[in-house]
Amino acid sequence: MLTSVIGGARIPAGPRSYRSTDPSRTADLVAEVSLADAAGLVRACRAARAAQDAWRDVPAPVRGQVVASIGRLVEANKPALARVVAREVGKPYAEALGEVQEIADTCAFFLGEGRRLYGQTVPSEMPDKQLFTFRDPVGVVAVITAGNFPVAVPSWYIVPALLCGNAVVWKPAEYAAACAEAFYQLFAHAGLPDGVLNVVYADGPETYAGLERALGEGLVDKVGFTGSTDVGSRIGELCGRHLQTPCLELGGKNPMVVTEDADLPLAVEGALFSGFGTAGQRCTSLGTAIVHESLHGAFVRLLDEAVRAAPVGDPFEDVLYGPLISERFTAGFEKTLGWIGGGHAVHGSSGTGRISAANPRAGFVGDPEAGLFYHPVIVDGVGPADELFMNETFGPVVGVVPYRTLDEAIALANAPGYGLSASIYTTDPAKVFRFRRRISAGMVSVNNSTSGAEAHLPFGGNGRSGNGSRQSGVWVLDQFTRWQSMNWDHSGRLQKAQMDVLEIAPDLGFRL
C-alpha cells in the first residue's frame, strides 16, 4: 500500500484507497494507494513551509548539483522507470523511454542554471548610489499534475522549483501512483532534505479542498497545475482570491494546416504521430487537420491507409499506441464518439469504439479483451458547428476539414478557443510567417507535428489552453522566483530620486 510522504516520512494508511491497474491488462494490479484527505494536503504544505527556509539558504550552485544528481539517477534507472510508465498508463515502451529522457534533459539544462540565477547591477541617476536586482524563491509551490505524462511533466515544474530554492508539495494523478512513487524515490535519493519534496496522493475534491485551506492559511505561494481546462479555471479563480497567478497548463485542440504546396506524405506522417501517438492522450495531440481543398481527398485517403496499417495493442510491443489510460478516460472517449454525426465520414479502422473479439481491429497486437483498447478514428467533414471540432477529445480521433484560403484555415484553427500547439505544412515561407503572426497558439511547428517539446524551449498555451505561463527553459524561472530590487546609497546624505538629479542644460534652439 503506497501512502503519502510528508516531511520525509510515510503517513499511515487511511480508510480510502485507489487501485491502479495496468490498462493493457486491467486484471493486473500495479499499485494500491491510500488516499489522503484535505487535511493531509495542508499538513504537507506546513512541512514544506518548515523546510523551505533552510533549502533557500543552500547556495544555488549547490542546489544545481542536487539537480545534477537527480539527472544521473534518472539516467541510471531509465529502463526501469520507463517500464513502470508503460505498465501503469499504457504508454508504448519506446515513448516511455523518451518521456524518462525528458526528465534527464530537464535536469541537464537546470543544473547549470544554479550558477546562472543572475541579477543585475543597474546604474543609478544619483552619484554614490548603487542599484541591484535579485531572484528570490517564491516559497512553497503546490504542483498538481495529470497522468498522461506521469514523470516528464512533473519534472518541468519540480526541477526548476527546487533549483530556485522552493519547497514543493506534489499531488500526482492517483491512477499514476506507481510512476509517482518511482519518481519520488529518485529525487529523494539525490539528497533532498526532508520536507523539501512532499508527495500527497489524493483525489480531486480533497485536493481542491486542501488547496483552498492551504492558500487561506498562507502556506502556499505558487500553484502549478496541468490538467483539464474546466479544473484549471477553478484553480485559477481560487488563486486569484489570494492575488496569486498560478502556472496553468491545460487542454488543447491543436490544429494542423496543410497547404496546397505541402509535402503531403510528410504531413500524413506528422498527422499519424501527433493524432494517434499515446492514443491521442497528449495535451498536444492533433485535434483537427485543416487541409487545402486541392489535397483534401488525397490526404484523407493516405491518412486512412497509414492509420489502418499502424499496429495497435500491447505497449511493450512495437505499436503506434496502446490502451487508454484508465476507465475514467474510456468514459470520456465514449462521449466523444457520440459526437460523430450522420454528416461525417468515418475512416481509419475496421470499426469504432472498443476493440474486442466482436469488434476486431485488423493487425491488433496482443489480447484486446484484456485491456482498454480503442479503434483509431478519422472523422472527415467536421466544422465549427460540431462539438467534435470545438472540444478537446483526448483519445485516438482526428477530425479533417477542407479550406480554400489561408485566412479561412487560420480562422478555423483559432475557432475552438484553445491555444496550445499548432502546425503548418508548407514550402512557402510567406505562409509560415503569416500563419505564425495570426495563430493563437503558444507553440508553432513548421513541417513538424503538433507534438514534440524540448527541455530548453518554452512550453505552454493561451486561451482555453492556459494563462500564458510557460514551463521549460529559462522562461520558467520567472514562475518560481520573484524579482527583488535593492538600492544602496552610500553618499552619506538623503538623495531624492527624480528631484535631486543633476541636470545638464542643452541649447535646444541651436540650428546649423
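Predicted model only: the values in this text are computed from it and were never measured.
Between Arg438 and Asp407, at least one side-chain N (NZ, or NE/NH1/NH2) sits under 4.0 Å from a carboxylate O, which counts as a salt bridge. One finds no salt bridge joining Glu99 and Lys78 here, because no Lys/Arg side-chain nitrogen approaches an Asp/Glu carboxylate oxygen to under 4.0 Å. Ion pair Arg464/Glu392 not flagged as a salt bridge, since none of the NZ, NE, NH1 or NH2 atoms sits closer than 4.0 Å to an Asp/Glu carboxylate oxygen. Using a cutoff of 4.0 Å between basic side-chain nitrogens and carboxylate oxygens, Asp261 and Lys431 are scored as salt-bridged. Ion pair Arg234/Glu237 not flagged as a salt bridge, since none of the NZ, NE, NH1 or NH2 atoms sits closer than 4.0 Å to an Asp/Glu carboxylate oxygen.
The local environment of CG in Asp318 is sparse, with at most 12 non-hydrogen atoms from other residues, nucleotides or ligands closer than 6.0 Å. Applying the 6.0 Å contact sphere to CD of Glu408 captures more than 12 heavy atoms from other residues, nucleotides or ligands. Counting non-hydrogen atoms of other residues, nucleotides and ligands closer than 6.0 Å to CD of Glu217 gives a total above 12.
Looking at Gln281 and Tyr321, their side chains never bring a donor and an acceptor atom within 3.5 Å of each other. Checked by atom type, the side-chain pair Ser440/Asn462 shows no donor-acceptor distance below 3.5 Å. Side chains of Asp230 and Ser228: a donor-acceptor N/O pair is absent below 3.5 angstrom, by distance only. No donor-acceptor contact under 3.5 angstrom links the side chains of Glu249 and Trp156, judged on distance only.
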Gln479 vs Lys222, test: side-chain contact (heavy atoms from CB on, under 4.5 Å). Steps then yes/no.
CA-CA 8 Å; Gln479 298 298 321; Lys222 187 76 177 184; 3.0 Å; yes
Determine, step by step, whether Val257 and Ile424 satisfy the side-chain contact (heavy atoms from CB on, under 4.5 Å) criterion, reporting the C-alpha distance in whole Å, the side-chain angles of both residues, the deciding distance to 0.1 Å, and the verdict.
CA-CA 5 Å; Val257 172; Ile424 183 169; 4.3 Å; yes
Pair Arg241-Glu212, salt bridge (Lys or Arg N to Asp or Glu O under 4.0 Å): steps then yes or no
CA-CA 10 Å; Arg241 294 182 217 163; Glu212 187 172 35; 3.1 Å; yes
Show your reasoning for whether side-chain hydrogen bond (donor to acceptor under 3.5 Å, both in side chains) applies to Thr278 and Glu95.
CA-CA 8 Å; Thr278 322; Glu95 280 194 52; 2.5 Å; yes
Please test Tyr175 against Tyr18 for ring pair (Phe, Tyr, Trp, His ring centres under 6.0 Å), starting from the C-alpha separation and ending with a verdict.
CA-CA 8 Å; Tyr175 55 84; Tyr18 179 89; 7.4 Å; no
Report the C-alpha distance between Leu412 and Tyr403 in whole Å, list the side-chain angles of each, state the deciding distance to 0.1 Å, and finish with yes or no for side-chain contact (heavy atoms from CB on, under 4.5 Å).
CA-CA 9 Å; Leu412 287 166; Tyr403 77 91; 4.3 Å; yes
For side-chain contact (heavy atoms from CB on, under 4.5 Å), just list the numbers for Thr288 and Leu286, CA-CA rounded to whole Å, side-chain angles, deciding distance to a tenth of an Å, and then say yes or no.
CA-CA 6 Å; Thr288 306; Leu286 170 62; 5.7 Å; no
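For His242 (side chain) and Cys239 (main-chain N/O), no donor-acceptor pair under 3.5 Å exists by modelled atom type. Here the side chain of Lys171 pairs no donor or acceptor atom with the backbone of Tyr201 at under 3.5 angstrom. Side chain of Ser285 to backbone of Asn254: no donor-acceptor contact under 3.5 angstrom is found. Checked by atom type and distance alone, the side chain of Glu88 pairs as donor or acceptor with a backbone atom of Ala178 at under 3.5 Å. Under the 3.5 Å distance criterion, the side-chain polar atoms of Ser274 are left unmatched by any main-chain donor or acceptor of Ser449. Asp304 places no side-chain N or O within 3.5 Å of a backbone atom of Val300 that could act as its donor or acceptor partner. Formation of a donor-acceptor pair under 3.5 Å by the His292 side chain with backbone atoms of Arg404 is found in this model. Under a 3.5 Å cut-off, the side chain of Thr426 and the backbone N or O of Asp428 do form a donor-acceptor pair. Proximity of a side-chain donor or acceptor of Ser155 to a complementary backbone N or O of Val159 within less than 3.5 Å is not detected. Formation of a donor-acceptor pair under 3.5 Å by the Asn166 side chain with backbone atoms of Leu162 is not found in this model.
When every heavy atom of Ser421 is checked against every heavy atom of Thr284, the shortest pair comes out as CB-CG2, 4.2 Å. Residues Phe225 and Ile235 share a closest heavy-atom pair of CD1-CD1, 3.4 Å. Of all the heavy atoms in Ala104 and Val74, the pair that sits closest is N-CG1, 4.1 Å. Closest non-hydrogen pair, Glu206 versus Ala36, comes out as CB-O, 4.1 Å. Nearest approach of Glu113 to Val474, heavy atoms of both residues: OE1-CG1, 4.0 Å. Summarising the geometry of Ala82 relative to Leu97, their closest heavy-atom pair is CB-CD2, 3.6 Å, with the distance given to 0.1 Å.
Applying the side-chain hydrogen bond (donor to acceptor under 3.5 Å, both in side chains) rule to Arg87 yields the partners Asp28; only residues at least two apart in sequence or on another chain are considered. Listed by chain and residue number, nothing satisfies the side-chain hydrogen bond (donor to acceptor under 3.5 Å, both in side chains) test with Asn148 (two or more places apart in sequence, or in another chain).
One finds the SG atom of Cys247 at 7.5 Å from the CG atom of Asn467 (value rounded to the nearest 0.5 Å). Atoms NE2 and OG, from His375 and Ser349 in turn, are 4.5 Å apart once rounded to the nearest 0.5 Å. One distance of note links CG of Asp221 with CZ of Phe480; it measures 12.0 Å at 0.5 Å rounding. Note that CG of Asp136 and CZ of Arg56 are 8.0 Å apart. Values are rounded to the nearest 0.5 Å. Atom OG1 in Thr427 sits 8.5 Å away from atom CG in Asp263 (nearest 0.5 Å). Atoms OG and CE, on Ser423 and Met443 in that order, are 11.5 Å from each other to the nearest 0.5 Å.
Using cut-offs of 30° and 60° for the angle between ring planes, the His456 and Phe109 rings count as parallel. Ring orientation note: the planes of Phe329 and Phe394 are tilted relative to one another, at an angle of 30° to 60°.
In this structure, Lys91 satisfies the cation-pi test against Phe149, with its NZ or CZ atom closer than 6.0 Å to the six-membered ring centre and inside 45 degrees of the ring normal.
In this structure, the side chains of Val446 and Phe435 stay at 4.5 Å or more apart for every pair of heavy atoms. Considering only heavy atoms from C-beta on, Val307 comes within 4.5 Å of Ile378 through its side chain. You'll find the side chain of Val379 stays beyond 4.5 Å of the side chain of Val400, heavy atoms only. Between Asn391 and Thr393, the closest side-chain pair of non-hydrogen atoms is not below 4.5 Å. Taking the side chain as every heavy atom from C-beta outward, Thr336 and Leu388 approach each other to under 4.5 Å. You'll find the side chain of Ile325 stays beyond 4.5 Å of the side chain of Pro23, heavy atoms only. Side chains of Thr481 and Pro137 form no contact here, defined as non-hydrogen atoms less than 4.5 Å apart. Side-chain contact check for Val85 versus Pro150: some heavy-atom pair is nearer than 4.5 Å.
The aromatic ring centres of Phe134 and Trp483 sit 6.0 Å or more apart. Between Tyr157 and Trp170, the ring centre distance reaches or exceeds 6.0 Å.
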